[in-house]
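Written below as structure tokens is the structure these notes are about.
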Amino acid sequence: MPAVSKGDGMRGLAVFISDIRNCKSKEAEIKRINKELANIRSKFKGDKALDGYSKKKYVCKLLFIFLLGHDIDFGHMEAVNLLSSNKYTEKQIGYLFISVLVNSNSELIRLINNAIKNDLASRNPTFMCLALHCIANVGSREMGEAFAADIPRILVAGDSMDSVKQSAALCLLRLYKASPDLVPMGEWTARVVHLLNDQHMGVVTAAVSLITCLCKKNPDDFKTCISLAVSRLSRIVSSASTDLQDYTYYFVPAPWLSVKLLRLLQCYPPPEDAAVKGRLVECLETVLNKAQEPPKSKKVQHSNAKNAILFETISLIIHYDSEPNLLVRACNQLGQFLQHRETNLRYLALESMCTLASSEFSHEAVKTHIDTVINALKTERDVSVRQRAADLLYAMCDRSNAKQIVSEMLRYLETADYAIREEIVLKVAILAEKYAVDYSWYVDTILNLIRIAGDYVSEEVWYRVLQIVTNRDDVQGYAAKTVFEALQAPACHENMVKVGGYILGEFGNLIAGDPRSSPPVQFSLLHSKFHLCSVATRALLLSTYIKFINLFPETKATIQGVLRAGSQLRNADVELQQRAVEYLTLSSVASTDVLATVLEEMPPFPERESSILAKLKRKKGPGAGSALDDGRRDPSSHDINGGVEPTPSTVSTPSPSADLLGLRAAPPPAAPPAPLGAGNLLVDVFSDGPAAQPSLGPTPEEAFLSELEPPAPESPMALLADPAPAADPGPEDIGPPIPEADELLNKFVCRNNGVLFENQLLQIGVKSEFRQNLGRMYLFYGNKTSVQFQNFSPTVVHPGDLQTHILSTWSSPLAPARPLQVCFPGSWETDEPR
């Protein structure tokens with residue numbers, strides 16, 4: 001850059017700035033600025049043409065006024081005129097004004113583009129750099145469209161100066177980030193990779209930044225950069241601080257370029273070439289060895305530069321996950337930082353070790369630091385460091401240390417910051433289930449979790465413990481005894497009441513032999529919590545009461561008295577009122593056998609692992625990152641009772657903790673179309689609104705309550721229980737009904753829409769609606785085969801006492817795997833209202 005001559009000092013600008021600084025008040029400053037603006041405006045509009053120096057001076061004053069926070073609405077054209085000057089200082093001020101004040105949608109953009117084009121074609125390196133800087137600073141789409149094709153040519157041109165190449169690389173990077181579609185990939189991509197071998201370190205640094213960004217979208221186009229990056233990194237790492245004097249920072253040679261090269265290598269898998277891989281491993285070992293050497297300076301800048309390279313090296317080692325020796329060495333190196341006096345280093349060490357814990361090669365090495373991590377969880381003053389310590393404990397947990405880690409996390413939970421309690425609760429719940437050998441320990445852990453942090457125990461946690469207790473006979477008695485004792489605490493969390501209500505309602509008979517937990521005592525204990533609970537919990541407790549009547553007949557009178565109380569029968573909440581009325585009637589009218597059938601014990605839930613654990617496996621453990629830092633789990637996002645698992649959303653490079661739990665709240669991806677012959681062929685036809693997502697199955701609470709509902713009154717749909725076939729095909733033409741087909745009719749007791757019949761060839765669905773004594777029914781037929789049904793026609797058979805009026809019916813070929821409304825929208829009239 002040319003030196004500024006002594007005559008370019010612009011004395012008038014210096015005087016103006018001095019006047020502004022000497023103003024005693026805001027009003028005085030505004031008055032002085034307004035006076036100067038009036039003077040500048042008169043100069044620009046005057047008849048006398050201004051020379052380049054005057055234009056530059058006045059444009060500089062306008063720029064200074066703008067930086068003080070005042071609006072500037074003139075002077076833009078004069079700044080554009082400065083771009084055509086052949087003097088560096090005038091051109092520089094013009095570009096500076098445009099970069100700061102000109103909007104990307106300005107009408108002057110075309111004039112500016114012409115001036116920039118002239119400077120780029122001038123081959124004057126100083127002018128070319130000014131033009132490239134302006135393009136990068138403005139970065140508008142119009143500029144990108146105008147120069148995106150020219151900048152790569154300048155970048156790879158053999159006669160371009162080093163400073164121009166450096167500016168061109170950074171300018172192209174700016175345009176690519178703003179509008180990736182404007183930067184064409186072509187022959188220049190292969191040539192830009194060879195800039196990694198350039199003699200000028202500034203060019204190499206700019207080129208690495210550009211290639212790192214480009215290769216993320218087009219990795220194959222830049223694959224040849226791996227060997228060049230390894231070669232350049234090897235030269236830097238093996239060089240002494242005196243070899244790269246211009247790029248040595250506090251005795252560390254080219255630290256920024258080293259970090260950029262290491263990040264570039266993380267965009268690709270380990271090199272396939274054995275020689276390149278061997279050279280890279282040697283570089284990584286050298287960096288680890290240098291980290292053990294005594295520091296060459298006590299300045300913090302030296303340690304920062306040295307540690308930046310070290311941590312980026314460890315990130316590359318973790319990314320490759322193929323060198324056991326390097327992984328163990330990296331773990332030992334990080335272990336030294338766990339007790340470092342610098343908080344940032346402790347944080348980074350914990351975060352990196354979280355990722356190392358997911359590697360089979362370094363997991364055992366990470367476990368050796370468990371005492372240090374537990375101590376950090378207890379004593380760290382910074383909450384973010386404590387959170388990373390909790391993440392690391394979670395990541396290093398296995399069957400050998402699960403009880404110790406869960407115990408420490410529970411102990412920490414009592415004093416944990418409110419911001420991370422929910423996260424700790426989920427981690428404890430997952431670890432307790434994942435590594436539970438003795439399920440009584442699991443029950444104790446979850447109940448202790450509810451006692452300590454009940455407000456942060458989400459529904460999926462206590463749903464899961466109910467599922468496990470229901471499915472395991474060996475733990476049911478222990479669970480009933482434990483939850484009974486937990487409910488005796490004076491202050492009992494509502495989640496504990498929910499768990500206690502469910503378990504005692506199902507398995508309270510297992511502890512009823514003890515006088516201390518006799519049926520009346522169990523009922524009194526639960527009912528003492530009733531008035532302190534929410535509506536949903538009261539509804540569950542009412543269901544527990546009716547279960548008690550079946551389990552313990554001696555409590556019938558007491559419970560009926562509670563149900564008969566005015567506070568229940570006339571409850572303002574319709575759900576509680578309906579339950580009280582129906583349960584009271586059921587207990588009064590139904591015989592013992594009927595009551596035992598209706599209120600029989602819940603069947604085991606479908607055997608499957610926790611959906612939280614399934615998410616952990618899909619995300620490949622703690623190395624996937626930290627959706628946990630900016631999201632919370634949606635309790636409705638999964639079903640623990642055997643429902644359909646939602647498709648996991650893709651997460652990009654998080655911090656080591658979140659993917660543990662998959663808490664980032666992200667919209668689920670669109671469901672793929674159903675395959676031919678799928679069972680949900682007609683589901684979208686039957687829905688009253690938009691197509692519903694697949695049902696996730698009932699929660700334990702819903703399943704527990706649903707069996708207590710009295711059957712709905714018989715509807716005309718029940719007449720369809722024995723439908724006559726529409727045709728009489730031979731045995732070879734039709735397959736046997738699917739085993740569940742006979743059960744499909746049962747749901748029409750309380751539903752109007754659904755699948756009526758299904759086998760391997762055909763699926764028949766019904767959608768109906770009723771108003772008093774009038775009804776209308778639609779039948780839908782779905783072809784589940786791969787061939788078309790010809791001459792398909794329905795036949796209606798109905799009892800004689802049911803008057804039917806068919807409005808329309810028609811026949812049509814039934815295409816494969818498509819639902820078709822072949823039926824008759826009809827209406828009929830019955831003698832009695834429905």
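Note that the structure is predicted; figures quoted are calculated from it, not measured.
Taking every heavy atom of both residues into account, Thr189 and Val192 meet most closely at O-CG1, 3.2 Å. Closest of all the heavy-atom pairs between Tyr268 and Pro219 is OH-O, 2.8 Å. Of all heavy-atom pairs between Cys171 and Leu132, the closest is SG-O, 3.5 Å. Across all their heavy atoms, Ile309 and Leu262 have their closest contact at O-CD1, 3.8 Å. Listed here is the closest heavy atom pair of Gly335 and Met353: N-SD, 4.3 Å. For the pair Tyr442 and Ala429, the tightest heavy-atom approach, listed with the atom from each and the gap, is CE1-O, 4.3 Å.
Glu285 has no carboxylate O lying under 4.0 Å from a charged side-chain N of Arg329, or vice versa, which leaves the two without a salt bridge. Electrostatic pairing of Glu408 and Lys378 counts as a salt bridge here, judged by a charged N lying under 4.0 Å from a carboxylate O. Using a 4.0 Å cut-off between charged nitrogen and carboxylate oxygen, Glu460 and Arg464 do not count as a salt-bridge pair. Looking at Asp398 and Lys367, a side-chain N of the basic residue comes within less than 4.0 Å of a carboxylate O on the acidic one, giving a salt bridge.
Within the 3.5 Å criterion, the main-chain N or O of Thr372 finds no donor-acceptor partner in the side chain of His369. Ser160 places a side-chain N or O within donor-acceptor distance of the main-chain N or O of Ile154, the cut-off being under 3.5 Å. The main-chain N or O of Trp441 is found under 3.5 Å from a side-chain atom of Thr445 such that the two form a donor-acceptor pair. The main-chain N or O of Val164 is never found under 3.5 Å from a side-chain atom of Ser167 such that the two would form a donor-acceptor pair. The backbone N or O of Ala419 lies less than 3.5 Å from no partner atom in the side chain of Asp417, so there is not a single donor-acceptor pair. The backbone N or O of Gln301 sits nowhere less than 3.5 Å from a side-chain atom of Tyr249 that would complete a donor-acceptor pair. Panel note: side chain Arg421, backbone Asp455; no donor-acceptor pair is recorded below 3.5 Å. Checked by atom type and distance alone, the side chain of Asn218 never pairs as donor or acceptor with a backbone atom of Asp221 at under 3.5 Å. The backbone N or O of Arg381 sits less than 3.5 Å from a side-chain atom of Arg386, completing a donor-acceptor pair. A donor-acceptor pair is defined here as one N or O able to donate and one able to accept, closer than 3.5 Å; such a pair exists between the side chain of His319 and the backbone of Gln266.
Counting heavy atoms from C-beta outward, Leu280 and Pro271 have side chains that approach closer than 4.5 Å. Leu327 has its side chain out of reach of Tyr320: every pair of non-hydrogen atoms, C-beta onward, lies at least 4.5 Å apart. Side-chain atoms of Tyr412 and Ile374, non-hydrogen and from C-beta on, never get closer than 4.5 Å to each other. Residues Asp246 and Met201 form no side-chain contact, since every pair of their non-hydrogen atoms from C-beta on lies 4.5 Å or further apart. By the 4.5 Å heavy-atom criterion applied to side chains, Ile236 and Arg232 are counted as neighbours. Taking the side chain as every heavy atom from C-beta outward, Tyr250 and Ser303 never approach each other to under 4.5 Å. In this structure, the side chains of Leu210 and Leu155 come closer than 4.5 Å at one or more pairs of heavy atoms. Side-chain contact check for Val328 versus Phe361: every heavy-atom pair is 4.5 Å or farther apart.
Looking only at atom types and distance, the side chain of Tyr347 has a donor-acceptor partner in the side chain of Arg388 under 3.5 Å away. Between His133 and Ser99, the side chains place no donor N or O within less than 3.5 Å of an acceptor N or O (distance only, hydrogens not considered).
Once rounded to the nearest 0.5 Å, the distance linking OG of Ser234 with CG of Leu284 reads 10.5 Å. Note that the CG atom of Leu392 and the CD1 atom of Ile370 stand 9.0 Å from one another [nearest 0.5 Å]. Separating the OG atom in Ser209 from the CG atom in Leu257 is a distance of 9.0 Å, to the nearest 0.5 Å. For the atom pair SG of Cys225 and CD1 of Ile211, the computed distance is 6.0 Å after rounding to the nearest 0.5 Å. Taken to the nearest 0.5 Å, the CZ atom of Arg174 stands 9.5 Å off from the NZ atom of Lys177. One distance of note links CD1 of Ile430 with SG of Cys397; it measures 11.0 Å at 0.5 Å rounding.
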Note to self: Using side chain to side chain contact (heavy atoms under 4.5 Å, CB included), reason through Thr286 and Ser238 one step at a time and then give a plain yes or no.
What the structure shows: CA-CA 8 Å; Thr286 303; Ser238 59; 6.0 Å; no

Check: Going through the distances and angles, do Glu342 and Arg346 end up as a salt bridge (charged side-chain N to carboxylate O under 4.0 Å, His left out)?
Finding: CA-CA 7 Å; Glu342 279 290 329; Arg346 295 197 302 273; over 6 Å; no

Margin query: Show, in sequence, the C-alpha distance, side-chain angles and deciding distance for Glu423 and Asp391, and conclude whether the side chain to side chain contact (heavy atoms under 4.5 Å, CB included) test is met.
Written below: CA-CA 9 Å; Glu423 176 186 341; Asp391 294 341; 2.9 Å; yes

Next item on the list: In sequence, state the C-alpha distance, the side-chain angles, and the governing distance for Asp162 and Asp198, and then conclude on side chain to side chain contact (heavy atoms under 4.5 Å, CB included).
Entry: CA-CA 9 Å; Asp162 292 336; Asp198 198 278; 4.1 Å; yes

Item checked: Verdict with supporting geometry, Val457 and Ile446, side chain to side chain contact (heavy atoms under 4.5 Å, CB included) -> CA-CA 9 Å; Val457 176; Ile446 299 300; 5.9 Å; no

Next item on the list: Carefully, step by step, assess Lys260 and Thr205 under the rule side-chain hydrogen bond (donor to acceptor under 3.5 Å, both in side chains).
Entry: CA-CA 8 Å; Lys260 288 178 181 289; Thr205 305; over 6 Å; no

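Geometrically, Lys296 does not engage Phe251 in a cation-pi contact, judged by NZ or CZ lying under 6.0 Å from the ring centre and within 45° of the ring axis.
Between His194 and the choices Leu228, Thr224, Val156, the side-chain contact (heavy atoms from CB on, under 4.5 Å) rule is met once, by Leu228. Under the side-chain hydrogen bond (donor to acceptor under 3.5 Å, both in side chains) test applied with Asp321, the options Ser362, Ser359, Ser358 reduce to a single match, Ser359.
Counting non-hydrogen atoms of neighbouring residues, nucleotides and ligands closer than 6.0 angstrom, the CD atom of Glu272 reaches no more than 12 such neighbours. Within 6.0 Å of the CD atom in Gln199, the count of heavy atoms belonging to other residues, nucleotides or ligands does not exceed 12. Summarising the local packing, CD of Gln339 is surrounded by 12 or fewer heavy atoms from other residues, nucleotides or ligands at distances under 6.0 Å.
By the 30° and 60° cut-offs, the orientation of the rings of Phe337 relative to His340 is tilted.
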